[in-house]
Protein chains: 2
Amino acid sequence: MTTELQNFLEDIQQVDDFAEFQDATVRLRDLLKVTHVVYHWVNSVGERFGAGTYSSEWVDRYLEKDYLRMDPVIFGCFQRFTPVNWKQLDWSSKAAKAFFRDALDYGVGNQGWTIPIRGPNGQFALFTLNGDVSDAAWERVIARYERDLMVIAHEFNKKALAFDSHEEGQACPSLSPREAAAITHIAKGLSRGQAASEMGISEHTLRVYVESARHKLGAMNTTHAVARALSMGLIIV
Amino acid sequence: MTTELQNFLEDIQQVDDFAEFQDATVRLRDLLKVTHVVYHWVNSVGERFGAGTYSSEWVDRYLEKDYLRMDPVIFGCFQRFTPVNWKQLDWSSKAAKAFFRDALDYGVGNQGWTIPIRGPNGQFALFTLNGDVSDAAWERVIARYERDLMVIAHEFNKKALAFDSHEEGQACPSLSPREAAAITHIAKGLSRGQAASEMGISEHTLRVYVESARHKLGAMNTTHAVARALSMGLIIV
DNA sequence: TTTACCCTCCCCAAAAATAGCGAGGTGTGG
DNA sequence: CCACACCTCGCTATTTTTGGGGAGGGTAAA
């Protein structure tokens with residue numbers, strides 16, 4: 001790792017503000033001499049948190065045209081977990097080709113390289129490097145920075161998650177061993193009766209555990225309780 | 001990155017056999033001069049895939065005692081996405097203390113450092129470094145290898161995933177948009193009626209979606225379907 | 001064009017979950 | 001010692017969910 005990148009990495013660990021986070025992408029872009037650097041975090045409904053050097057026009061157009069739903073980069077990265085060169089993706093569909101042309105018009109380079117990042121609760125984020133050079137030159141850029149960028153990308157994601165949890169502080173309840181076991185069995189698809197006999201207790205007792213867990217988790221019903229327990233990492237199926 | 005680790009990284013990219021994969025953990029252990037190196041993955045079906053230097057006695061005992069369900073390392077890593085030093089985890093419960101003592105008896109070192117790795121379809125794996133030195137010495141080991149090991153851990157996971165998809169054609173069902181929406185609403189704790197009105201459809205129709213999703217997911221009931229969809233990363237609450 | 005999947009609606013009987021009311025015994029920590 | 005949380009069991013009644021069975025129209029790929 002070069003000293004510049006080393007310094008950069010140490011600096012972003014100190015970032016505690018969204019504007020600085022945004023600036024970091026600009027700085028990294030200049031450091032690596034690429035066209036764009038983007039950190040992008042998507043949840044099920046759409047963009048939630050992003051920082052990058054794309055023009056606001058392109059970001060707006062992307063959202064307006066709902067490109068999220070067909071972007072080959074999103075799909076490709078969602079199915080992999082290793083970084084992917086855009087050239088390796090499937091751009092064969094007509095919609096994908098139109099999307100790519102549109103992106104070029106808005107100043108996005110013809111080369112791209114994206115790292116998928118996955119976190120707790122199905123969190124899924126992308127860290128993208130974008131360039132405008134020949135295929136061979138792009139390969140060299142990737143080969144040179146690949147490993148350093150994996151570390152940097154994870155650092156970005158750590159920051160993004162920290163911002164998010166900072167905004168909505170939540171206390172995570174703790175389940176008693178029997179409660180956790182009961183909820184786990186229910187999450188595995190067992191009925192109350194089955195779960196009860198699995199745990200060697202009466203169905204009624206099991207029901208008490210589930211109810212108790214449900215109240216602790218602030219859930220409206222058993223299914224909700226299971227979902228919350230899973231999301232909070234309190235149980236593992 | 002040292003030349004040894006550099007070479008190691010290049011070598012494991014050539015691995016295409018489980019035995020070699022296993023050998024790699026031994027080689028890495030000797031390279032880093034630590035007590036154990038372990039890669040461990042439990043997939044959504046509950047099948048275990050692991051390679052490491054733990055004694056087979058300890059692995060057997062771990063499975064027999066079902067330590068998976070209370071191992072603080074598993075829980076701690078599941079809730080985070082950054083590497084974690086075992087000392088930072090919550091070992092206060094009696095069960096956790098007993099587990100730790102048991103581990104020591106079976107030759108597991110008193111220090112540990114684990115990287116959680118997350119992949120497609122809710123995949124969750126652990127890459128662990130285990131040692132038997134003082135706290136300060138362990139901190140130094142971590143600080144020295146942290147970044148290199150993140151790259152190596154991801155390389156291990158890449159290999160493991162390649163083996164897995166090679167052995168069994170992956171059966172990760174895909175939900176239609178309405179099915180996913182229906183399951184998501186149910187997972188949020190809404191009743192069928194509420195979810196239906198939220199989606200602007202009749203309760204009967206919503207039921208069809210939930211049933212359809214349930215069949216696709218191979219779930220025994222709605223709660224199970226929600227749990228599976230969450231575990232596979234098909235929905236996000 | 002056919003096939004396949006997606007979206008929407010409906011009925012019914014049985015099973016399960018929910019929401020209350022109770023009762024005890026165990027252990028931990030202040 | 002006394003709370004407090006945990007673990008275990010019983011009862012009744014109401015509401016909801018489940019698991020089958022249908023039926024028709026749309027869209028999109030093969």
Side-chain angles (χ1 to χ4, degrees), chain A residues 69-70 75 90 92-96 171 173-229 234, chain B residues 69-70 90-98 171-229 234-235:
Chain A
R69 300 246 161 260
M70 51 71 56
F75 276 98
D90 175 26
S92 59
S93 86
K94 218 157 62 175
S174 75
L175 300 182
S176 80
R178 298 300 264 175
E179 284 163 357
I183 291 285
T184 303
H185 281 122
I186 298 296
K188 279 190 205 157
L190 302 187
S191 72
R192 288 175 165 184
Q194 290 173 316
S197 68
E198 193 74 21
M199 290 173 66
I201 55 177
S202 77
E203 182 181 338
H204 180 84
T205 305
L206 184 120
R207 214 186 312 168
V208 173
Y209 293 144
V210 173
E211 284 293 288
S212 161
R214 208 184 87 219
H215 282 120
K216 281 186 181 176
L217 293 161
M220 320 177 75
N221 52 46
T222 304
T223 304
H224 192 198
V226 166
R228 298 205 62 161
L234 297 174
Chain B
R69 300 249 156 256
M70 53 69 57
D90 175 26
W91 295 92
S92 60
S93 86
K94 217 159 61 175
K97 282 184 189 126
C172 178
S174 72
L175 300 182
S176 79
R178 297 299 263 176
E179 284 163 355
I183 290 284
T184 303
H185 281 122
I186 296 297
K188 280 189 204 155
L190 302 186
S191 73
R192 288 176 163 187
Q194 290 172 316
S197 67
E198 194 75 21
M199 290 172 68
I201 55 177
S202 77
E203 184 181 336
H204 306 283
T205 305
L206 184 119
R207 228 168 72 202
V208 174
Y209 292 145
V210 174
E211 281 294 287
S212 162
R214 206 188 91 230
H215 280 119
K216 282 186 180 176
L217 293 161
M220 318 175 78
N221 52 46
T222 304
T223 303
H224 192 198
V226 166
R228 300 206 61 161
L234 297 173
I235 61 167

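Bear in mind that the values here come from a model prediction, so they are computed numbers and not experimental data. Each chain gets a letter, A, B and so on, in the order its sequence line appears, and its residues count up from 1.
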Interatomic distance where [atom1] belongs to [X] and [atom2] belongs to [N] [whole Å]:
X      : N      : atom1 : atom2 : answer
A:L190 : C:dA16 : CG    : P     : 12 Å
A:K216 : D:dC6  : NZ    : P     : 4 Å
B:E203 : C:dC9  : CD    : C1'   : 13 Å
A:Y209 : D:dC6  : OH    : P     : 10 Å
A:M199 : D:dC7  : CE    : C1'   : 10 Å
B:L206 : C:dC9  : CG    : P     : 10 Å
A:I183 : D:dC7  : CD1   : P     : 13 Å
B:K94  : D:dC7  : NZ    : P     : 12 Å

Query raised in the report: Given side chains that start at C-beta, do those of A:E211 and A:R214 come closer than 4.5 Å, heavy atoms only?
Result: yes
Examine [N]: is either OP1 or OP2 under 4.0 Å from a nitrogen or oxygen in the side chain of [X]? Give yes or no.
X      : N      : answer
A:S202 : D:dT8  : no
B:R192 : D:dT18 : yes
B:R214 : D:dG19 : yes
B:S176 : C:dC7  : yes
B:T222 : D:dT17 : no
A:R178 : D:dC6  : no
B:R207 : D:dT18 : no

Query raised in the report: Taking for each residue the nucleotide of DNA chain C with the nearest heavy atom, is it B:T205 or B:L175 whose nucleotide lies nearer the 5' end?
Result: B:L175
At 4.0 Å (heavy atoms only), tell me whether [X] reaches a base, stays on the sugar-phosphate, or touches nothing.
X      : answer
B:M220 : sugar-phosphate
B:V208 : base
B:N221 : nothing
A:S212 : nothing

Query raised in the report: Out of curiosity, A:I183 CD1 to B:T223 OG1, how far, rounded to the nearest 0.5 Å?
Result: 9.5 Å
Report summary line: To the nearest 0.5 Å, atom NE2 of B:H185 lies from atom CD1 of B:I235 at 10.5 Å
Requested in this report: Please confirm whether the backbone N or O of A:V208 pairs with a side-chain atom of A:S212, one donor and one acceptor, at under 3.5 Å?
Outcome: no
Query raised in the report: Okay, side chain of B:K188, backbone of A:H224: is any donor-acceptor separation there less than 3.5 Å?
Result: no
**Report entry** Given DNA chain D, 5'-ward residue of the pair A:H204 and B:S191, judged by closest heavy atom
**Finding:** A:H204
Requested in this report: List the steps and the verdict of side-chain contact (heavy atoms from CB on, under 4.5 Å) for A:V226 and B:V226.
Outcome: CA-CA 8 Å; A:V226 166; B:V226 166; 5.5 Å; no
